[in-house]
Amino acid sequence: MTVESTAARTPRRSAGTKAGTTGTKRTTSTKKAAGAGKSAEPALVQLLTPEGKRVKNAEFDQYVAGITAEELRGLYRDMVLTRRFDAEATSLQRQGELGLWASLLGQEAAQIGSGRALRDDDYVFPTYREHGVAWCRGVDPTNLLGMFRGVNNGGWDPNGNNFHLYTIVIGSQALHATGYAMGVAKDGADSAVIAYFGDGASSQGDVAEAFTFSAVYNAPVVFFCQNNQWAISEPTEKQSRVPLYQRAQGYGFPGVRVDGNDVLANLAVTKWALERARAGEGPTLVEAFTYRMGAHTTSDDPTRYRGDEERLAWEAKDPILRLRRHLESAHDVDEGFFAELEAESEALGRRVREAVRAMPDPDHFAIFENVYADGHALVDEERAQFAAYQASFADADGGK
């Protein structure tokens, strides 16, 4: 089984003893487990191979059984446009138009697949990298960029799209999602809540507390972990002794690992998890096993901690290329569709670039506002010091 829960597992034997004995002699399997310190890698839930071949899955096929060629083209379009927007944002940051950018390059399938599994009345709690999910929820890409330019705190109404503002504090949104889901249950609604976070956030105390509360209160929440293999420069194997989805076992709810570069599998698994939540069956942990092709953010240099061969291996599993191969081989999608989409993506890039350059410059002194309700002498002193520092950049002849 790919999906595991604590209730389905047999009780563990006492550490270091054979079953039915009180001796201290270890069995061979116990020795291996103690020495290895790692669980065997589980099979991924996969519906599309990297070559674009459709494979059967008795457990999850039913959730995408009725998908049409048109809907598959829609998923492909979503991923292509999201990647184009993301690339434009990275370029804008390099040109000084944004203060920072967190790229989703390589994670399009996990975000679009899970995002398209949601109903309109479901509620999303993202981190700061869920640009593809934002696209699925109808949030204009230019609204995302205002925050990274420093001119607003998000730029969209969370209740307008049931998509919360981006969360910079690592892992805290898992608690927000759990509390919101508990409220949904008390209201008697049949909607679900989904919380996105990364492999690094899975080690945060906030996430552990969210798991506990959601399990105890049977909250209708899906925890969607995008395991992109790196928490900035820390690899997953230095964060957990077991595959991340297995952490759900200790809290008493199911966990499942899905091929994060397979948009169809992410759609199916997320639909399954959301239906569990809506049916009153409680939380689920989905681990989307994917890869962060770019830097953690534009302030990061991934060449300092990982090799080119790793990236090349994951490029062969590219989520967009995978679905394109499937469309070409199984649905006879012609070159005209891809050419039209290329033109649409370039138009999106231009629109985003023009919108960002039309935004006002950030107010350098806004950081000092609203720190204290009634002001503070130390903040006033810091503001004056910062003003003097800014003035030191003025041209000698009085220019800007």
Side-chain angles (χ1 to χ4, degrees), residues 85-105 125-131 134 139-158 164-173 176 197-198 200-201 203-206 228 230-234 292 294-306 349-400:
F85 155 67
D86 180 74
E88 190 63 38
T90 299
S91 296
L92 286 165
Q93 193 282 328
R94 297 306 190 203
Q95 295 163 14
E97 300 289 351
L98 303 177
L100 188 74
W101 183 248
S103 173
L104 59 58
L105 183 62
F125 286 85
T127 60
Y128 46 78
R129 200 188 301 274
E130 272 66 62
H131 319 314
V139 177
D140 191 294
T142 60
N143 281 339
L144 302 177
L145 298 175
M147 183 184 73
F148 289 94
R149 189 176 172 88
V151 296
N152 62 40
N153 294 319
W156 66 90
D157 177 7
H164 199 266
L165 296 175
Y166 274 6
T167 304
I168 305 299
V169 178
I170 304 298
S172 62
Q173 72 278 7
H176 306 158
F197 55 91
S203 299
Q204 290 288 108
D206 284 0
N228 63 21
W230 292 93
I232 308 184
S233 59
E234 196 74 359
R292 191 194 77 217
H296 172 70
T297 69
T298 47
S299 65
D300 171 43
D301 178 8
T303 64
R304 298 180 62 184
Y305 53 81
R306 68 186 191 191
R350 288 193 297 272
R351 181 171 75 84
V352 167
R353 182 165 60 253
E354 291 167 0
V356 168
R357 288 178 173 170
M359 290 179 182
D361 290 335
D363 178 3
H364 293 166
F365 293 90
I367 191 174
F368 300 103
E369 303 301 324
N370 305 314
V371 178
Y372 293 95
D374 299 320
H376 195 281
L378 179 58
V379 174
D380 293 340
E381 180 182 345
E382 291 171 340
R383 183 188 293 106
Q385 290 175 348
F386 185 68
Y389 173 73
Q390 290 289 314
S392 70
F393 292 99
D395 293 339
D397 60 358
K400 291 183 180 180

Among residues at least two apart in sequence or on other chains, which ones pass side chain to side chain contact (heavy atoms under 4.5 Å, CB included) with Y372?
H376, V379
Would you mind reporting whether R357 and Q95 have side-chain heavy atoms less than 4.5 Å apart?
yes
What pairs with H296 under ring pair (Phe, Tyr, Trp, His ring centres under 6.0 Å), at least two apart in sequence or on another chain?
none
Backbone N/O of P360 and side chain of R149: donor-acceptor pair under 3.5 Å
yes
Atom CG of L165 and atom CG of N152: how far apart are they, to the nearest 0.5 Å?
9.0 Å
For the student: nearest non-hydrogen atoms of F125 and H164, plus distance
CE2-CD2, 3.6 Å
Do I170 and F197 come within less than 4.5 Å of each other through their side chains, counting heavy atoms only?
no
Judged by atom type as modelled, is there a donor-acceptor pair below 3.5 Å linking the side chain of Y305 to the main-chain atoms of I232?
yes
Quick check for you: to the nearest 0.5 Å, what is the distance between L92 atom CG and L98 atom CG?
5.5 Å
Excluding sequence neighbours, so at least two apart, what forms ring pair (Phe, Tyr, Trp, His ring centres under 6.0 Å) with H364?
none
Is there side-chain contact between P302 and R292, with at least one heavy-atom pair below 4.5 Å?
yes
Does anything in residues 377-394 pair up under salt bridge (charged side-chain N to carboxylate O under 4.0 Å, His left out), and if so which pairs, sequence neighbours excluded?
E369-R383, D380-R383
For F365, which residues count as a ring pair (Phe, Tyr, Trp, His ring centres under 6.0 Å) partner, sequence neighbours excluded?
F386
With sequence neighbours excluded, tell me which residues meet side chain to side chain contact (heavy atoms under 4.5 Å, CB included) with I168.
Y128, M147
Is it the case that the side chain of D300 and the backbone of A295 share a donor-acceptor pair, with hydrogens and angles ignored and the cut-off at 3.5 Å?
no
Salt bridge (Lys or Arg N to Asp or Glu O under 4.0 Å) filter on D301, not counting sequence neighbours, yields none
Going by heavy atoms in the side chains, are T90 and L105 under 4.5 Å from each other?
no
Return the set of residues passing ring pair (Phe, Tyr, Trp, His ring centres under 6.0 Å) with F85 (not counting sequence neighbours), or none when no residue passes.
W101
Say you draw a straight line from CG of D206 to NE2 of H176; how long is it, rounded to the nearest 0.5 Å?
7.5 Å
Any chance CD1 of I367 has more than 12 other-residue heavy atoms, nucleotides or ligands included, within less than 6.0 Å?
no
Please give me the minimum heavy-atom distance between F148 and A102, naming the atom from each residue.
CE2-N, 4.3 Å
With sequence neighbours excluded, tell me which residues meet side chain to side chain donor-acceptor pair (under 3.5 Å) with W230.
E310
D140 meets the side chain to side chain contact (heavy atoms under 4.5 Å, CB included) criterion, sequence neighbours left out, with T142, N143, R351
Closest heavy-atom pair, T127 versus Q173, reported as atoms and distance to 0.1 Å, is CG2-NE2, 2.9 Å
Taking only residues two or more places apart in sequence, or in another chain, which ones meet R304 in a salt bridge (Lys or Arg N to Asp or Glu O under 4.0 Å)?
none
Please enumerate all residues that pass side chain to side chain contact (heavy atoms under 4.5 Å, CB included) together with E234, with sequence neighbours excluded.
A231, K238, Q239
